[in-house]
Amino acid sequence: MDAGRGWFARLRHVAASGRGKVLRLSFGLSVGCAAVMAGFVPRAHAQYVGQISSIVMDARTGAILSQSNPDLQRFPASLTKLMTLYLAFKALHAGQITLDQSVPVSAHSASMEPSKLGLMPGSYLTVEQAVLGLVTKSANDAACALGELMGGGDEGRFADLMTRQARALGMTRTTFRNASGLPNDEQVTSARDLALLTRQIITEFPDYYHYFSVPAFYFHGRQVPNHDPMLRIYPGADGLKTGYTTDAGRNLVTSAIRENVRLIGVVLGARTNPQRSAVMASILDDGFRQEGVADVRRPLVLARGHRGRAAIMLAAAARAANAGPEQVAEAPVAPRRHGVARHAHARVPAHVHMVAAGHVAHRRRGHNQG
């Protein structure tokens, strides 16, 4: 924490002084990378909602198993939070922040549109609560507060750091303008870039990756369920993130592991949640077949709709290799008794309670983001 105070301490010093100096931020980025960034301001083009971009990558080798429009620039929506989390994990790994460190909630972060935790200006949450808020509810207020913490009190400054880190990872078609993914015409990415980022999260931070599979956690006495349907409907899936805005369409990044083969799938621009989930299941199935992994029979999952109608979330029957994708419907179910699980991979502070798998109430994602 004190060796040279690191980039994080320097950010806080600059924010406190108010001087308009050029920040020397890096996480190991070169000066040349920053120079390239200074002249790079991509403009988003039509996002082609309904024209899906997708990619499947082998997480171990980086080999591309399938792709469709992988380099088309799209609005990331809440998939933006994958970079926010990457930088948070990087700071945690370096000891520049801690899981139980307090994160102040500014008026700016509290004003973010839903989906959100409902944080109040002047309040605090911990870094771990912010991380859990991002991976479960896709909370925009928590994302902004975490970004401000790492950006010396300035979300825009943190977004610059996000973009520089993207370039360092080879994400050449990605630019960030905020920590949450709320609409901004200049905030763009591609399916290929998101696959690269996801692979880095998995390989660099195995001690923190388990957060993406948390079904729910308790925050201020209420349960916050995970939005990711693939955790419930796709055998082997263990995270990562959903995203949606009107202009972006329905976005999804999923990683799944079977027989020691881990695949990363990205689907951008689907029209509906069922289509998004069905396409993801189909391209991951095809990827596992290419890797010589046998098909897995999917469970029958029933959910009850708002008016009491039962809806099939995923068909149980195994598909033939040439069958079309199964349709997936997302609907909430009644809450059950909730267990509490502590993860063996990382210390869980006493104030954070994570719900064990199989004991979580699934609810429909609200508003326009998540």
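These values consider heavy atoms only, across backbone and side chains, with no hydrogens, waters or symmetry-generated copies. Just so it is clear, the structure is predicted and the values come from calculations on it, not from any experiment.
At least one donor-acceptor pair under 3.5 Å links the side chain of Asn69 to the backbone N or O of Ile52. With hydrogens and angles disregarded, no donor-acceptor distance shorter than 3.5 Å links the side chain of Gln187 to the backbone of Pro76.
Side-chain rings of Tyr86 and Phe205 approach one another, their centers coming within less than 6.0 Å.
Side-chain contact between Phe217 and Asn226 is absent, with no heavy-atom pair separated by less than 4.5 Å. Annotation: side chain of Arg173 is not in contact with side chain of Arg192 (no heavy-atom distance under 4.5 Å). You'll find the side chain of Tyr211 reaches within 4.5 Å of the side chain of Glu128, heavy atoms only. The side-chain heavy atoms of Phe212 and Asp228, taken from C-beta on, include no pair separated by under 4.5 Å. Between Ser180 and Thr80 the shortest side-chain heavy-atom distance does not fall below 4.5 Å. Contact of the Leu196 side chain with the Asp193 side chain is registered, since non-hydrogen atoms from C-beta on lie closer than 4.5 Å. With contacts defined as side-chain heavy-atom distances shorter than 4.5 Å, the pair Gln290/Val56 does not qualify.
Using a 3.5 Å distance cut-off with no hydrogens or angles, the side chains of Arg250 and Gln275 do not pair a donor with an acceptor. Residues Asn140 and Lys81 have side chains that bring a donor and an acceptor to within less than 3.5 angstrom of each other.
With salt bridges taken as basic N to acidic carboxylate O contacts below 4.0 Å, one links Lys90 and Glu204. Arg289 and Asp286 are joined by a salt bridge, as a carboxylate oxygen and a charged side-chain nitrogen come within less than 4.0 angstrom of each other.
Remark: of the listed residues Asn178, Leu134, Val131, Leu134 is the sole one forming a side-chain contact (heavy atoms from CB on, under 4.5 Å) with Thr84. Among Arg177, Glu148, Met150, the one residue that satisfies the side-chain contact (heavy atoms from CB on, under 4.5 Å) test with Glu155 is Glu148.
In this structure, OG1 in Thr136 is found 7.0 Å from CG in Leu117, a value given to the nearest 0.5 Å. Atoms CE and CG, on Met57 and Leu194 in that order, are 10.5 Å from each other to the nearest 0.5 Å.
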Applying side-chain hydrogen bond (donor to acceptor under 3.5 Å, both in side chains), run through Asn273 and Tyr244 and close with a yes or a no. CA-CA 9 Å; Asn273 290 343; Tyr244 167 71; over 6 Å; no
side-chain contact (heavy atoms from CB on, under 4.5 Å) evaluation trace for Phe158 with Leu146: CA-CA 10 Å; Phe158 178 68; Leu146 190 59; over 6 Å; no
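Classification of the Phe288-Tyr234 ring pair by plane angle, with boundaries at 30° and 60°, yields parallel.
No chain of hydrophobic side-chain contacts below 4.5 Å, direct or via other Ile, Leu, Val, Met, Phe, Trp or Tyr residues, connects Ile257 to Val135.
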